[in-house]
Amino acid sequence: MSEITLEDIASLAKRRGFIYQGSEIYGGLAGTWDYGPLGVALKRNITNAWWKFFVESRDDMYGIDSAILMSPKVWEASGHVAGFTDPLIEDVKTKKRFRLDHLLEDAGVDIKGMNLEQMVASLKEKGIKSPDGNDLANPANFNLLFETAIGSVEGGGSKVYLRGETAQGMFVNFKNIVDSFYPDIPFGVAQIGKAFRNEISPRDFVFRVREFEIAEFEYFINPTHWEAEFEKWRVAMHDWCELLGLPADKIHELEVPAEDRAHYSKRTIDFEFDFPHGKKELYGLAYRTDFDLINHQTASGKSMEYRPKDGSTPFIPHVIEPTFGVDRTLLAVLAAAYTEDEVGGEKRTYLKLPKDLAPVKAAVSPLLKNKPELVSKAREVYDTLKKELGAVMWDDNGNIGKRYRRQDEIGTPACITIDFQTLEDNTVTVRNRDTAEQTRVAIDSLLHNL
RNA sequence: GCGGGUGUGGUAUAACGGUCAUUACUCCAGUUUUCCAAACUGGCUACGGGAGUUCGACUCUCCCCACCCGCACCA
């Protein structure tokens, strides 16, 4: 049994209708992927489980769905317009690009408030060369925010950005939530939605893409006990991983050192997962302090203070932010579920998905498709289950073994087969995906059994 | 963005400057089949896109696009 690769997963995902290359018939568009029928089902099951786990099952969490287009002032206040930009400069010989700001900082230059021109001037003044020892040229800013324009007149209109993260939608609605519900602190605001980043090089299937889905929440706290809140969510994130069926020994916490942290963060933990292409970031947990609320208070002129009901001193809440990349979650789930073993001496591939996540909950088949009495009985069972479970598939392709293998590959936990005994005593066989074992179950207790 | 590699049906592949582009699996229709990709018959589907060279290009050249590996980036 060889190591599984990203390509194994991408190939199965395409073949079975989970994930397709974006705009494929036109040669594709880099960094975009389309979810097919099974992919969207799997993704929904994941986001629904997330919503249930972090929002619905709690009484301190408020869900929202904010607009993708937001006032440009939001991104100026958040620091994304300035801070989401990387000034890069090119080695004239090797053509490698380096961070201009990093080169200056390494040379002891204080770059605060410098624009690109000033940085280049400072670089020349100091005679800084590239790490490879050559001259540097062609400085350029790379901003990760996608831009578009409001207004249908070409060239006219005003510039707006596609949101680079969903977090700001939560911060700008902080006041609204407080006004509508006046929750006790601590409380959280949660959202699942698309975000966009103009990545220089999208990579590794759906791992790094230009359009992606994020599930995250901002948990507003009193800063005096931020460590305890941070710890609470750290543990909850592991519980979530377990719920997804991700093996605990494939999850690694990385304490992000101060110099690598985002400017606003006092503490960050990356949750890394052993993906087929290596140990990579899956989730993040950050203590964002009061950075965002203060920025928005300053920029908007609206108070972001929270007045405790007990009359104690008002304060601007601090924020703990757990972030979950949905596409990365789906990739991790697929990678963890992808299993090869042998049944009856034949190799088989199957997705060992948790029942709740499986895109198809059960497949129904007549043992033989040329026996009308079996087919009509199977149809009956199918119709009943379909009504109750929804995600049930009818499968009468080829022979029974072939159907089992087919369902294995998409992770269907149970295959229900109607045979001649069914006609006599109203029982069916239920075949288990993981063990390939079959049990006889009365039709009446099928629902309960699944 | 830089460097290297790759691009042939849904998947995995073969060949060739010159008839209708090979094979397997999948898929579809049918025969058959009393539980793990059986067999038989038939069928759909491909040279990533665009220019150029040539009498003729999937094959050679250039440009573009996408994917993979390395670097860089990853608030």
Side-chain angles (χ1 to χ4, degrees), chain A residues 5-8 10-17 20-32 36 75 78-80 82-91 93-99 102 130-132 138 140 142-145 164-165 167-168 197-205 207-208 256 260-265 268 270 277 280-281 284 286 288 291-292 321 323 342-350 365-371 374 397-409 415-423 428-433 436-438 440:
Chain A
T5 64
L6 227 39
E7 279 186 312
D8 293 331
S11 168
L12 182 140
K14 164 112 201 259
R15 193 154 31 92
R16 292 303 187 188
Y20 310 112
Q21 167 82 61
S23 310
E24 192 181 17
I25 63 167
Y26 290 105
L29 180 65
T32 64
W75 304 107
S78 71
H80 282 82
F84 225 49
T85 302
D86 295 331
L88 297 181
I89 193 157
E90 196 177 284
D91 181 309
K93 265 208 181 130
T94 63
K95 302 280 184 188
K96 282 185 190 168
R97 279 179 192 279
F98 299 94
R99 284 279 293 266
H102 288 180
S130 100
D132 295 345
N138 302 323
F142 286 82
N143 195 302
L144 292 177
L145 285 180
E165 61 174 31
Q168 297 306 322
R197 284 183 200 175
N198 214 341
E199 294 286 351
I200 295 173
S201 56
R203 273 293 167 86
D204 303 319
F205 194 34
F207 183 81
R208 182 179 309 156
V256 181
D260 294 341
R261 259 181 260 151
H263 50 70
Y264 50 73
S265 178
T268 300
D270 282 349
H277 62 297
K280 307 272 180 177
E281 183 180 347
R288 281 179 91 128
F291 177 83
D292 299 276
E321 178 197 70
T323 304
E342 281 191 8
V343 168
E346 293 278 342
K347 210 184 98 173
R348 72 161 179 156
T349 301
Y350 70 105
S365 304
L367 179 60
L368 299 172
K369 72 168 166 183
N370 63 347
K371 298 284 185 287
L374 287 182
N397 177 280
N399 61 51
I400 192 70
K402 203 161 164 176
R403 292 172 218 158
Y404 289 157
R405 294 306 170 85
R406 215 147 86 135
Q407 295 300 326
D408 281 341
E409 258 198 332
C415 290
I416 294 153
T417 302
I418 282 70
D419 59 16
F420 291 97
Q421 194 183 328
T422 310
L423 302 177
V428 295
T429 63
V430 177
R431 181 260 194 188
N432 180 288
R433 174 195 67 200
E437 279 167 5
Q438 301 181 83
R440 268 214 100 78

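Only heavy atoms go into these numbers, but all of them, side chains included; no hydrogens, no water, no symmetry mates. Order of the sequence lines sets the chain letters (A, B, ...), proteins ahead of strands, with each chain counted from 1.
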Student: Taking atom P in both B:C69 and B:A38, what distance in whole Å separates the two?
Tutor: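 Here B:C69 and B:A38 have their P atoms 34 Å from each other.
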Student: Quick one: look up who B:G42 pairs with, Watson-Crick or G-U, both distances under 3.5 Å, and put none if it's unpaired.
Tutor: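 Base partner found: B:C28.
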Student: Who passes side-chain contact (heavy atoms from CB on, under 4.5 Å) against A:I200, sequence neighbours left out?
Tutor: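 Applying side-chain contact (heavy atoms from CB on, under 4.5 Å) to A:I200 gives A:L88, A:F142.
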Student: Heavy atoms only, 4.0 Å cut-off, all strands: where does A:S201 land among base, sugar-phosphate and nothing?
Tutor: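 The answer is base, as A:S201 lies within the cut-off (heavy atoms under 4.0 Å) of a base atom.
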Student: Say we look at B:A46 and B:U8: how far apart would their P atoms be, to the nearest angstrom?
Tutor: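 Nearest-Å result for B:A46 against B:U8 at atom P: 13 Å.
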Student: So what's B:G52 paired with, Watson-Crick or G-U wobble, going by both distances under 3.5 Å?
Tutor: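 WC or wobble partner is B:C60.
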Student: Using atom P in both nucleotides, what's the gap between B:U41 and B:U32 to the nearest angstrom?
Tutor: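 Each nucleotide's P atom is 16 Å from the other's.
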Student: Quantified in whole Å, what is the P atom distance between nucleotide B:C60 and nucleotide B:C16?
Tutor: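 The answer is 11 Å between these two P atoms.
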Student: Tell me: NZ of A:K14 to C1' of B:A12, nearest whole Å?
Tutor: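 These atoms are roughly 13 Å apart.
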Student: Cation over ring, A:R348 on A:Y350, under 6.0 Å and within 45°?
Tutor: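 Ring-cation test returns yes.
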Student: Please report the distance, rounded to the nearest Å, between OH in A:Y20 and C1' in B:C67.
Tutor: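 To the nearest whole Å, that distance equals 18 Å.
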Student: Between protein and nucleotides 31-38 of chain B, map the contacts as a letter string: B base, S sugar-phosphate only, - none, heavy atoms under 4.0 Å, written 5' to 3'.
Tutor: -SBBBBBB
Student: Rounded to the nearest angstrom, tell me the gap between atom CG in A:D8 and atom C1' in B:U11.
Tutor: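 Rounding to the nearest Å, CG of A:D8 and C1' of B:U11 are 12 Å apart.
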Student: Using Watson-Crick or G-U wobble geometry with both distances below 3.5 Å, tell me the partner of B:U33, or none.
Tutor: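 Paired with B:U33, as far as the under-3.5 Å criterion goes, is no nucleotide at all.
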Student: Tell me the partner of B:G1, counting only Watson-Crick (N1-N3 plus N6-O4 or O6-N4) or G-U wobble (N1-O2 and O6-N3) with both under 3.5 Å; none if nothing fits.
Tutor: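 With both distances under 3.5 Å, B:G1 matches B:C71.
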Student: What is the separation between atom CD on A:E165 and atom C1' on B:C74, rounded to the nearest whole Å?
Tutor: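 Answer to the nearest Å: 14 Å.
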Student: Would you measure the distance from the C1' atom in B:C62 across to the matching atom in B:C74 and give it in whole Å?
Tutor: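 One C1' to the other, the span is 34 Å.
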Student: Using the P atom in both, what is the distance from B:A15 to B:G7, to the nearest Å?
Tutor: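 The answer is 12 Å between these two P atoms.
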Student: What's the CZ-P distance between A:R15 and B:G10, to the nearest Å?
Tutor: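 My rounded result for the distance is 13 Å.
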Student: Could you give the distance separating B:U61 and B:A57 at their C1' atoms, to the nearest angstrom?
Tutor: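 My reading of the C1' atoms in B:A57 and B:U61 gives 11 Å.
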Student: Rounding to a whole Å, what distance do you find between A:N397:CG and B:U26:C1'?
Tutor: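 The distance from CG of A:N397 to C1' of B:U26 comes to 9 Å, rounded to the nearest Å.
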Student: Check the distance between B:C69's P and A:R208's CZ and give it to me in whole angstrom.
Tutor: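 In whole Å, B:C69 P and A:R208 CZ are 11 Å from each other.
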Student: Please list, for nucleotides 62-66 of chain B, all pairs of protein and nucleotide N/O atoms separated by less than 3.5 Å.
Tutor:
residue : atom : partner : partner atom : Å
B:C65   : O2'  : A:G27   : O            : 3.2
B:A66   : OP1  : A:A30   : N            : 3.2
B:A66   : O4'  : A:G27   : O            : 3.0

Student: Suppose you measure atom C1' in B:U26 against the same atom in B:G10; what distance do you get, rounded to whole Å?
Tutor: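 Going atom to atom, C1' in each nucleotide, I get 7 Å.
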Student: Where do A:F205 and A:A13 come nearest, in terms of heavy atoms and distance?
Tutor: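 Smallest interatomic distance, heavy atoms only, reads CZ-CB, 4.1 Å.
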Student: Over how many whole Å does the gap from A:F205 atom CZ to B:C69 atom C1' extend?
Tutor: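 Computing the A:F205:CZ to B:C69:C1' distance gives 18 Å.
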Student: Just one of A:K347, A:R431, A:K402, A:R403 clears the salt bridge (Lys or Arg N to Asp or Glu O under 4.0 Å) bar with A:D408, so which one?
Tutor: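 Of the listed residues A:K347, A:R431, A:K402, A:R403, the salt bridge (Lys or Arg N to Asp or Glu O under 4.0 Å) partner of A:D408 is A:R431.
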Student: For the side chain of A:E7, counting heavy atoms from C-beta on, which of B:U11, B:C73, B:C68 is nearest?
Tutor: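 Of B:U11, B:C73, B:C68, B:C68 is nearest to the side chain of A:E7.
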